[in-house]
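Reviewing the structure listed below.
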Amino acid sequence: MVISGRVNRVAFYCRVNHRDRDYEKYLDDVMKRLEEKYGKQEWDLQIFFEEASGADPDRKEFNRLKMEIAAKKIDVVVSVKASTIARDWGQFMEFMVTCSANNVEVVCIDKAEDAEGIFERIQQFVQNYFEGSDVTCR
């Protein structure tokens, strides 16, 4: 959770699947997006960068990020877009639930593919679709 007036810990998760890409070209956009969402703040930026498939559950930096979130060492996660976090929906939902349980917001540079919005729509769908499913059918 971002708190005004203190140094907030932000994790920039950047996953690429081509060697010719680098996270540095996104750093200005990360800071602009944070300022746009939270205003002027002090940030302690940690970078979690890896070249890997978004469907691979054994991504080293992704798993390290999840451990840092669970250890309450991160206040907000920034990624380029939701699919950067995971291309596997199960992994995406697990990550978002971990963030939610630890009051960690997830912000995407690409607002059209914002992880928080996608997560909320999926949760609403599940709630609507499975409403009353605890009742036994006869």
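Under a hydrophobic clustering in which Ile, Leu, Val, Met, Phe, Trp and Tyr are joined whenever their side-chain heavy atoms come within less than 4.5 Å, directly or via other members, Y38 and I109 fall into the same cluster. Using a 4.5 Å cut-off between side-chain heavy atoms of Ile, Leu, Val, Met, Phe, Trp and Tyr, with links allowed through other members, V77 and F62 fall into the same hydrophobic cluster. At a threshold of 4.5 Å between side-chain heavy atoms, the hydrophobic network of Ile, Leu, Val, Met, Phe, Trp and Tyr places I118 and V126 in one connected group. In the hydrophobic clustering of this structure, L27 groups with V107; members are Ile, Leu, Val, Met, Phe, Trp, Tyr whose side-chain heavy atoms approach within less than 4.5 Å, directly or through other members.
Taking CZ from R6 and CD from E42, the interatomic distance works out to 11.5 Å, rounded to the nearest 0.5 Å. Rounded to the nearest 0.5 angstrom, R33 CZ and D110 CG are separated by 9.5 Å. Taking CZ of F12 as the start and OH of Y23 as the end, the distance is 9.5 Å to the nearest 0.5 Å. Between the CZ atom in F49 and the CZ atom in R15 there is a gap of 10.5 Å [rounded to 0.5 Å]. Distance check: E94 CD to D88 CG gives 9.5 Å after rounding to the nearest 0.5 Å. Between the CE atom of M31 and the CD atom of E35 there is a distance of 8.5 Å, given to the nearest 0.5 Å.
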- Item | V78 and Y26: CA distance, side-chain angles, deciding distance, side chain to side chain contact (heavy atoms under 4.5 Å, CB included) verdict | CA-CA 11 Å; V78 178; Y26 297 109; over 6 Å; no

- Message: For a side chain to side chain contact (heavy atoms under 4.5 Å, CB included) check, start with the C-alpha distance between W89 and I122, then their side-chain angles and the critical distance, and finish with the verdict.
- Response: CA-CA 10 Å; W89 283 107; I122 292 170; 3.4 Å; yes

- Task: List the steps, then state whether side chain to side chain contact (heavy atoms under 4.5 Å, CB included) holds for C99 with I69.
- Result: CA-CA 7 Å; C99 289; I69 291 167; 3.7 Å; yes

- Check the pair V30 / W43 against side chain to side chain contact (heavy atoms under 4.5 Å, CB included), numbers first and verdict last. CA-CA 11 Å; V30 167; W43 301 103; over 6 Å; no

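Taking the side chain as every heavy atom from C-beta outward, N102 and I74 never approach each other to under 4.5 Å. Between F119 and V106, the closest side-chain pair of non-hydrogen atoms is not below 4.5 Å.
In terms of heavy-atom proximity, Q41 sits nearest to I3 at OE1-O, 3.8 Å. Taking every heavy atom of both residues into account, F92 and A115 meet most closely at CZ-O, 3.7 Å. When every heavy atom of A86 is checked against every heavy atom of Q91, the shortest pair comes out as CB-CB, 3.8 Å. When all heavy atoms of G54 and R59 are compared, the pair lying nearest together is O-NH2, 3.5 Å. Nearest approach of D75 to V7, heavy atoms of both residues: OD2-O, 4.5 Å. Taking every heavy atom of both residues into account, A82 and C108 meet most closely at N-SG, 3.7 Å.
For N63 (side chain) and P57 (main-chain N/O), a donor-acceptor pair under 3.5 Å exists by modelled atom type. Between the side chain of E116 and the main chain of E105, no donor-acceptor pair closer than 3.5 Å is present. Not a single donor-acceptor pair under 3.5 Å links the side chain of Q46 to the backbone N or O of R9. The backbone N or O of Y13 lies less than 3.5 Å from no partner atom in the side chain of E61, so there is not a single donor-acceptor pair. A donor-acceptor pair is defined here as one N or O able to donate and one able to accept, closer than 3.5 Å; no such pair exists between the side chain of E51 and the backbone of V16.
Of the residues V2, N8, D29, V10, the one that meets the side chain to side chain contact (heavy atoms under 4.5 Å, CB included) test with L34 is V10.
Residue R64 places its CZ atom among more than 12 non-hydrogen atoms of other residues, nucleotides or ligands, all under 6.0 Å distant.
Taking a cutoff of 4.0 Å between a charged side-chain nitrogen and a carboxylate oxygen, K111 and E36 qualify as a salt bridge.
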